[in-house]
Each structure stands twice: as C-alpha cells, then as structure tokens.
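Working notes, structure below.
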Amino acid sequence: MKLSSLLERLEYTCCQGSVDQEVTTVTYDSRKAEEGSLFICIRGAVVDGHKFVPDVVAKGAKAVVAEEEVQAPEDVTVILVKDTRYAMAFISAAYYGYPAEHLKTIGITGTKGKTTTTYMVKSILENAGYKVGLIGTIEAIIGDKVIPAAHTTPESLVIQQYFREMVDAGCDCVVMEVSSQGLMLHRTQGFVFDFGIFTNIEPDHIGPNEHRDFEHYLSCKAMLLRQCRVGIVNRDDAHFDKITEGHTCSLETYGFSPEADLRAEDARMTKGKGYLGIAYHLKGLLDFPVEIDIPGKFSIYNSLTAIAICRHFKVSEENIIRALKVAKVKGRIEMVKVSDEFTLMIDYAHNAMALESLLTTLREYHPHRLVCLFGCGGNRSKLRRYEMGEVSGRLADLTIITSDNPRDEDPQAIIDDIKTGMKKTDGKYVEIIDRKEAIAYAIHHGEPGDIVILAGKGHEDYQEIKGKKYPMDERVLIADILAGR
C-alpha cells in the first residue's frame with residue numbers, strides 16, 4: 001500500500017523522501033517494526049516513540065510519522081503531523097480499508113453503566129437477528145472469538161483491526177465502551193460513530209496520569225457528542241447542559257425527567273427466590289412495560305440506554321422485552337443461584353464510590369441481612385482500604401474481610417488497613433484471609449432473606465500474588481463449595 005493512501009485524510013508535511021513509498025505494515029511499537037514498516041512515533045506517559053527511530057530504521061522501516069523533526073537515512077520518508085495519536089487513528093482506518101463504513105457503530109461513554117449497557121445492547125440486537133461485535137472493559141468479542149481486554153478502549157490501530165475482523169466475520173454492527181482516556185488520546189478518531197451515548201458523569205479518573213480535574217474529565221467525555229451522528233444522553237444527569245454544549249449530532253434523551261424522549265415511569269422493585277430485579281413502564285417515543293432481573297435504579301438507566309439505541313435498529317417490542325429479561329454481564333451484579341432462601345451475587349465494585357452505590361441499592365430491597373465480602377488490592381492506595389472498610393461497616397450488617405490480589409503485600413497487612421476503616425463504624429465483621437474459605441463461610445452462614453455480595457473481583461478469573469497470576473474464578477469456587485470440594 002502506498003504511503004499517500006494511508007495519509008489521504010490527514011494534513012501533513014513530507015519533510016523527507018516520497019509519499020509514493022510502499023508500506024507493508026503499520027506499527028507504533030518499535031519491537032514490531034520490520035522491513036517496509038511505517039512507524040508512528042507516539043509520546044507515552046513513560047516512553048517517547050521518537051527515541052526509537054534509529055531502532056526501527058535498522059529493522060527496515062521505510063516511513064516515519066512524527067511530531068518533531070527526526071534523523072533518518074535519505075531513503076526513509078519522514079512525515080510531520082501536529083498530533084501523532086490523531087494521525088494514527090486515520091492511518092489505521094485507511095490501513096484496514098475503513099471498516100467502520102461497513103458497520104453500524106455504537107459508542108458508549110460515562111462514569112458508570114458502560115459495560116452493562118454494551119452487553120444489554122448486544123443481547124437485544126442479537127435477539128433481533130443482528131450479528132454484533134463488542135469492545136469493552138472485560139473483552140472484545142468478534143464472532144466466536146473472545147479477546148481479553150487490556151484497556152477499556154484499545155489504541156486506534158487495534159480498534160481498526162477489530163473492526164476489520166468484525167466485517168470479515170459478517171458482523172452488522174459493533175457496540176463499544178469509550179473511555180475518557182480513549183477520547184482524550186484520539187483512539188476513536190478516524191471514523192464517526194453512528195450513535196454516541198452518554199450515560200452519566202461523576203468525579204473519577206482524576207489524578208496525575210489521567211485527568212487534571214473534573215472539568216477536564218467532563219470535556220473529554222463530551223468529545224463523543226462531536227464524533228457521532230446521533231447522540232443519546234441521560235436527561236437526568238446534573239451536568240446535562242455542560243455535556244451537550246457544542247454537540248454536533250442530532251440529540252435524543254432518556255431518563256425519569258418529563259422532558260426526556262424515552263421515560264421510565266412507575267418503577268418498582270421485584271424479587272423472587274434467589275434473584276432481585278426492577279420493573280417500570282416505558283413512555284415517550286415507545287410505550288410498553290419492562291422487567292429486568294438486575295436490581296437497582298441504575299439498571300433502569302442502563303436498560304433505557306439500550307432501548308434508546310435499539311429503537312434505531314427497528315427492533316420489535318417483543319424482542320426488546322425478551323432480551324432485557326435474559327441480559328447478563330459477567331461480574332456486574334451477577335446473580336449466582338446457591339439457595340432459594342437467600343440471594344448471592346458477584347460484582348466488580350472495588351472502590352468506595354462503587355461499593356457505596358451498590359450497597360445503598362441493595363439496602364432498598366430490605367434484606368434480612370446485607371452481607372458484604374471484599375478485600376483490597378496490594379501495591380495500591382491505603383486510603384482506598386480505609387474508605388471501603390468504612391463504607392461496608394456503615395452499610396452492611398456483616399462484613400467478611402478477605403484477600404483480593406495482594407500482589408507484593410502481606411494479605412494480613414491489607415486486612416488490617418481495611419479494619420482501620422471498619423472501626424470507625426459499629427459494623428460487625430469477620431476476617432478470613434483465604435478467599436475460598438471466606439466465600440464458603442458466606443454461603444454456609446446465609447440466612448433466609450439475606451443478600452450476600454462478593455465484591456471486588458467481578459469478571460476477573462485470577463488472583464495476583466507476588467508478580468504471578470493464579471487461576472481463581474469465583475463462579476468455580478462457588479461450584480466447588482456447593483459440591484463439597
């Protein structure tokens with residue numbers, strides 16, 4: 001492929017060589033450069049790709065895209081651009097033949113709800129006969145192929161590769177989580193989303209390596225509404241006006257607000273043997289009853305989002321109702337049947353904000369007891385441990401403190417930090433270092449009407465100890481415990 005074809009949708013300066021140069025592969029990883037490669041110099045948080053130009057040239061790279069002048073042999077073409085991450089998105093799209101133009105693309109951003117909503121959308125659309133690809137926090141799904149995720153939103157080169165594989169696998173559409181980092185780093189440039197969804201926003205991901213403050217976080221999230229054709233936004237969010245400021249898409253809304261295009265009315269909690277759920281009546285652009293076997297008000301928001309998207313795919317009312325009833329997400333309020341007497345669920349809540357939201361939601365179901373099992377990761381902030389201990393001590397009737405990815409730290413030392421937070425409350429607790437033993441204790445001591453939550457691991461299927469990951473899936477542990485193994 002000629003370099004000129006890869007650059008056709010970009011502004012650039014060719015300061016050495018020719019854009020007629022043939023290119024065999026595109027990479028931003030110097031280790032993957034080879035004869036005929038185009039190398040894109042990316043400035044990372046730790047490493048600057050511009051420093052590796054001599055290395056990639058030695059491996060046979062024939063073209064370099066950079067933000068500053070670099071030294072290279074005369075037979076190597078050097079292209080200067082304002083932002084190499086932005087350029088990489090368009091180069092990647094061209095390299096893979098603009099696959100997004102053959103898919104309906106759905107991008108979902110927000111502080112909470114992205115993961116659950118992507119799976120709900122996938123469930124509804126597949127129920128209606130569409131073939132759907134998915135890119136998210138847990139995994140990427142392309143036909144029968146499942147790829148564990150390293151980032152919520154991969155680099156643009158990877159996104160375009162996945163899109164190409166989806167088109168080749170016969171997918172009609174793709175639903176993907178779009179993180180604030182992904183938007184800030186231009187990973188989702190190079191194409192326009194057909195649908196861009198904004199679920200909600202709360203202070204999060206603010207720090208030296210992420211966003212300098214809440215305003216910056218919000219402005220990065222809001223970029224999605226300038227990169228899509230149809231924007232679908234939560235009308236109830238306190239920051240709605242700021243989120244939609246400067247949008248370039250047609251706008252639709254959902255929520256409880258009377259001003260929302262799709263509204264939830266008459267919401268009520270539902271429960272049965274070993275499960276909790278929520279029901280409501282959908283009003284506005286559509287009108288029918290909805291019931292979901294996932295508890296909490298946020299489940300209403302997630303389902304409204306999914307319905308608002310799927311309405312554009314002409315999915316029937318029956319298909320939506322059926323699909324929402326069976327939609328499940330691994331590790332996100334995932335109910336695991338262990339008894340008719342009490343409810344047990346697995347959730348990824350691994351910080352104080354998420355745990356407080358979860359326990360407050362479950363309290364609304366008036367359990368006999370709310371039992372919370374969790375631990376905290378090693379080599380991480382002690383403050384998180386104090387805060388999670390205090391939240392569980394305040395909101396749970398019983399806390400079971402255990403291990404969760406201790407990494408290089410002593411698990412008992414982590415538990416002691418959690419107890420520091422617990423002791424600010426009157427909450428009862430037990431401590432059991434071994435997570436399987438802790439889960440067995442929770443199951444064997446379950447009482448009628450209890451809600452038992454295993455928090456922190458969610459979709460993870462490993463335990464990280466001293467630099468090594470050991471297999472550990474809570475679903476497997478539960479099955480072993482129930483089988484007496």
Legend entry - Residue pair Ser392 / Thr399, side-chain donor-acceptor N/O under 3.5 Å: yes
Inset, instruction - Using distance alone, with no hydrogens and no angle criterion, decide if Thr109 and Lys221 have a side-chain donor and acceptor under 3.5 Å apart. - result: yes
Legend entry - Over all atoms of both residues, closest heavy-atom pair of Leu304 and Arg263: CD2-C, 4.3 Å
Legend entry - Arg9 NZ/CZ over Tyr98 ring centroid, <6.0 Å and within 45° of normal: yes
Legend entry - Residues Asp461, Lys469: salt bridge by 4.0 Å N-O rule: no
Inset, instruction - Over all heavy atoms of both residues, which pair between Ile124 and Ala306 is shortest? Give the atoms and the distance, please. - result: CD1-CB, 3.9 Å
Legend entry - Geometric cation-pi criterion, Lys457 with Tyr462: 6.0 Å, 45°: yes
Legend entry - N-O pairing of Lys104 and Asp172 below 4.0 Å: no
Inset, instruction - Establish, from distance only, whether the side-chain atoms of Tyr348 and Thr137 form a donor-acceptor pair under 3.5 Å. - result: no
Inset, instruction - Would you please say whether a donor-acceptor pair under 3.5 Å links the side chains of His50 and Asp48? - result: yes
Inset, instruction - Name all residues meeting the ring pair (Phe, Tyr, Trp, His ring centres under 6.0 Å) criterion together with Phe193; count only those two or more places apart in sequence or in a different chain, and write none if there are none. - result: Phe191
Inset, instruction - For Glu67 and Lys82, run salt bridge (charged side-chain N to carboxylate O under 4.0 Å, His left out): C-alpha distance rounded to whole Å, both residues' side-chain angles, the deciding distance at 0.1 Å, then the answer. - result: CA-CA 6 Å; Glu67 291 176 6; Lys82 187 177 176 183; over 6 Å; no
Inset, instruction - Before giving the answer on salt bridge (charged side-chain N to carboxylate O under 4.0 Å, His left out), spell out for Lys325 and Asp293 the whole-Å C-alpha distance, their side-chain angles and the decisive distance to 0.1 Å. - result: CA-CA 6 Å; Lys325 194 84 174 104; Asp293 290 352; 2.7 Å; yes
Inset, instruction - Under the salt bridge (charged side-chain N to carboxylate O under 4.0 Å, His left out) rule, what do Lys283 and Glu265 come out as? Steps first, then yes or no, please. - result: CA-CA 7 Å; Lys283 290 282 192 179; Glu265 295 183 359; 5.1 Å; no
Inset, instruction - Taking only Lys NZ, Arg NE, NH1 and NH2, and the carboxylate oxygens of Asp or Glu, determine whether Glu390 and Arg394 approach each other closer than 4.0 Å. - result: no
Inset, instruction - Indicate whether the side chain of Asn200 and that of His239 have a donor and an acceptor atom separated by less than 3.5 Å. - result: no
Legend entry - Ion pair Asp473/Arg475, N-O distance below 4.0 Å: yes
Inset, instruction - For the pair Arg435 and Glu474, find out whether any cationic side-chain nitrogen is under 4.0 Å from an anionic carboxylate oxygen. - result: yes
Inset, instruction - May I ask you to check whether Ser156 and Gln189 show a side-chain donor-acceptor distance below 3.5 Å? - result: no
Inset, instruction - Over all heavy atoms of both residues, which pair between Lys112 and Thr199 is shortest? Give the atoms and the distance, please. - result: O-OG1, 2.8 Å
Inset, instruction - Identify whether the distance between the nearest side-chain nitrogen and carboxylate oxygen of Arg322 and Glu317 falls below 4.0 Å. - result: no
Inset, instruction - Describe, in one word, how the ring planes of Phe313 and Tyr130 are oriented to each other, choosing from parallel (under 30°), tilted (30 to 60°) and perpendicular (over 60°). - result: perpendicular
Inset, instruction - State whether a side-chain donor-acceptor pair under 3.5 Å links Thr305 with Thr117. - result: no
Inset, instruction - Identify the two heavy atoms, one from Leu103 and one from Asp194, that lie closest to each other, and give their separation to 0.1 Å. - result: O-OD2, 3.5 Å
Inset, instruction - Could you tell me whether the side chains of His312 and Glu252 share a donor-acceptor contact shorter than 3.5 Å? - result: yes
Inset, instruction - Check whether the side chains of Glu177 and Thr115 place a donor and an acceptor atom closer than 3.5 Å, and report yes or no. - result: yes
Inset, instruction - Mind checking the CZ-OG1 spacing from Phe374 to Thr402? Nearest 0.5 Å is all I need. - result: 10.5 Å
Legend entry - Nearest-0.5 Å distance that lies between atom CD1 in Ile278 and atom CZ in Arg268: 9.5 Å
Inset, instruction - Classify the side-chain pair Asn351/Arg384 by whether it contains a donor and acceptor separated by less than 3.5 Å. - result: no
Inset, instruction - Report the relative orientation of the aromatic rings in Tyr301 and Phe256; use parallel for angles under 30°, tilted for 30 to 60°, perpendicular for over 60°. - result: perpendicular
Legend entry - Salt-bridge contact Glu155-Arg187 (side-chain N to carboxylate O under 4.0 Å): yes
Inset, instruction - To the nearest 0.5 angstrom, please state how far the OH atom of Tyr96 sits from the CD1 atom of Ile159. - result: 12.0 Å
Inset, instruction - Compare every heavy atom of Ala63 with every heavy atom of Val23, then report the nearest pair and how far apart it is. - result: CG2-CB, 4.5 Å
Inset, instruction - Check whether any side-chain heavy atom of Val174 lies under 4.5 Å from a side-chain heavy atom of Leu134, and answer yes or no. - result: no
Inset, instruction - Hey, could you give me the CG/OG distance between Leu324 and Ser299, rounded to the nearest 0.5 Å? - result: 10.5 Å
Legend entry - Test side chain to side chain contact (heavy atoms under 4.5 Å, CB included) applied to Phe39 and Thr27, Thr25, Val26, the passing residue: Thr27
Legend entry - Residue pair Asp29, Arg31: steps toward the salt bridge (charged side-chain N to carboxylate O under 4.0 Å, His left out) verdict: CA-CA 5 Å; Asp29 184 340; Arg31 294 166 297 184; 3.0 Å; yes
Legend entry - Nearest-0.5 Å distance that lies between atom OG1 in Thr361 and atom CE in Met269: 10.0 Å
Legend entry - Shortest non-hydrogen contact between Ser92 and Met88, atoms and distance: OG-O, 2.6 Å
Inset, instruction - May I ask you to say whether Glu334 pairs ionically with Lys328, meaning some side-chain N is under 4.0 Å from a carboxylate O? - result: no
Inset, instruction - Answer yes or no: is there a side-chain heavy-atom contact under 4.5 Å between Met120 and Cys310? - result: no
